[in-house]
There are 2 protein chains.
Amino acid sequence: MKQDSCQVTVIDRKRIELARKQMPGAEVLENVSEVLKLLGDTTRLRILLALATTELCVCDLAALLEMTSSAISHQLRLLRARGIVKYRKEGKIVYYSLDDPQVQSLIKVSMDQIG
Amino acid sequence: MKQDSCQVTVIDRKRIELARKQMPGAEVLENVSEVLKLLGDTTRLRILLALATTELCVCDLAALLEMTSSAISHQLRLLRARGIVKYRKEGKIVYYSLDDPQVQSLIKVSMDQIG
DNA sequence: CAAACGATTGAGCATACGTTCACGTAAGGA
DNA sequence: TCCTTACGTGAACGTATGCTCAATCGTTTG
């Protein structure tokens, strides 16, 4: 009853094996936690909640959240990188909107369950 | 068409008001993002996924995740503080298990939708 | 063309975060 | 009693994160 791969004592191997079988692969895990981490910031969450209502340009998002458009732009870049939001250019104005239905429903569930 | 509370130009006041109406209060927002942030870390997510299968003691969690029990213990403290997990002492062994059905279902939805 | 504007980007900076390390505590066994 | 074990905690440390600031790009307008 001793010494696993990193000086950790094991109490119940059966339970560990049981839990290990259910555990998703590293890739899935990384994916899920990355999305949840993106949602786990008030600025980004507010951006997404706003965009859930209506498409908005960067400066209106900035006005709504009372932040600089630079700060908003930085966060939008991260959301864009994960395909959570998309944009549409109209002249010099860039309109953002939600682009991932699954993330969208995850947000809704989160608000319903936790908020 | 200029100068809101923080040198930000407004393009469309109507959309902003629309979005503002839907926006939850700061308290709710803080709550939700805090839970999502807790789920948005692979260590904590793996802990919770393991505990979704079966109750586990700290050292078995450490063995399963191949991490030190100290690191696990630190994370469990955070999860305990939010009422996401609970514990049960049996001699010197402490068994942890899930304690929040809503967070539990949120994890399930996350895995189904994203993973 | 030049000026203004919306948006983006990179550097810098302060803070938050996650792990390690060392130590402390409570319980059990020799 | 003394030692081991399971767990918890605080300090330290390296890294990640989010914002600001300044500069830049592309587009529109005077």
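Reckoned from all heavy atoms, side chains included, excluding hydrogens, waters and symmetry mates. We name chains A, B, ... by the order of the sequence lines, and we start the count at 1 in each one.
- Scored by the salt bridge (Lys or Arg N to Asp or Glu O under 4.0 Å) test, A:Glu90 finds A:Arg88 as partners (sequence neighbours excluded).
- To the nearest angstrom, P of C:dA27 lies 16 Å from CD1 of A:Ile11.
- We find that NZ of A:Lys37 is positioned 11 Å from C1' of D:dT15, with the value rounded to whole Å.
- Looking only at distances, a side-chain donor or acceptor of A:Asp60 sits under 3.5 Å from a matching main-chain atom of B:Ile11.
- Note: CD (A:Glu66) to C1' (D:dC19) measures 16 Å, nearest angstrom.
- Partners of A:Arg46 according to the side chain to side chain donor-acceptor pair (under 3.5 Å) rule, which considers only residues two or more places apart in sequence or in another chain, do not exist here.
- Taking every heavy atom of residues 23-31 of chain B and every atom of DNA chain D, no pair lies under 4.0 Å.
- A:Arg77 has its CZ atom 19 Å from the P atom of D:dT24, to the nearest Å.
- Considering only side-chain N and O atoms, B:Arg44 lies nowhere under 4.0 angstrom from the phosphate OP1 or OP2 of C:dC17.
- C:dC17 atom P lies 9 Å from atom CD of B:Glu34, rounded to whole Å.
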Taking only nitrogen or oxygen atoms into account, show me every contact under 3.5 Å that the protein makes with nucleotides 19-23 of chain C, one pair per line with its distance.
| from | atom 1 | to | atom 2 | distance (Å) |
| --- | --- | --- | --- | --- |
| C:dT19 | OP1 | B:Thr43 | OG1 | 2.7 |
| C:dT19 | OP2 | B:Gln75 | NE2 | 2.8 |
| C:dT20 | OP2 | B:Thr68 | OG1 | 3.2 |
| C:dT20 | O4 | B:His74 | NE2 | 3.1 |
| C:dC21 | N4 | B:Ser70 | OG | 2.7 |

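- The stretch residues 87-95 of chain A touches DNA chain C through A:Lys92, A:Ile93, A:Val94, each having a heavy atom under 4.0 angstrom from the strand.
- With sequence neighbours left out, A:Thr54 forms a side chain to side chain donor-acceptor pair (under 3.5 Å) with no residue at all.
- Under the 3.5 Å distance criterion, with hydrogens and angles disregarded, no donor-acceptor pair is assigned to the side chains of B:Glu30 and A:Thr42.
- The CG atom of B:Leu76 sits 11 Å away from the C1' atom of D:dG8 (whole-angstrom rounding).
- For A:Tyr96 and C:dG6, the OH to P distance is 15 Å, given to the nearest whole Å.
- Judged as a side-chain contact (heavy atoms from CB on, under 4.5 Å), and not counting sequence neighbours, the contacts of B:Lys14 are B:Asp12.
- When the C1' atom of C:dG6 is taken as reference, atom CD1 of A:Ile72 falls 14 Å away, rounded to whole Å.
- In this structure B:Ala52 satisfies the side-chain contact (heavy atoms from CB on, under 4.5 Å) test together with B:Leu98, sequence neighbours excluded.
- By the side-chain contact (heavy atoms from CB on, under 4.5 Å) test, A:Ser73 pairs with no residue at all, sequence neighbours left out.
- Legend: residues meeting salt bridge (Lys or Arg N to Asp or Glu O under 4.0 Å) with A:Arg80, ordered by chain and number and at least two apart, are absent.
- Not counting sequence neighbours, A:Lys89 has no partner by the salt bridge (Lys or Arg N to Asp or Glu O under 4.0 Å) test.
- Legend: residues meeting side chain to side chain donor-acceptor pair (under 3.5 Å) with A:Glu17, ordered by chain and number and at least two apart, are A:Arg20.
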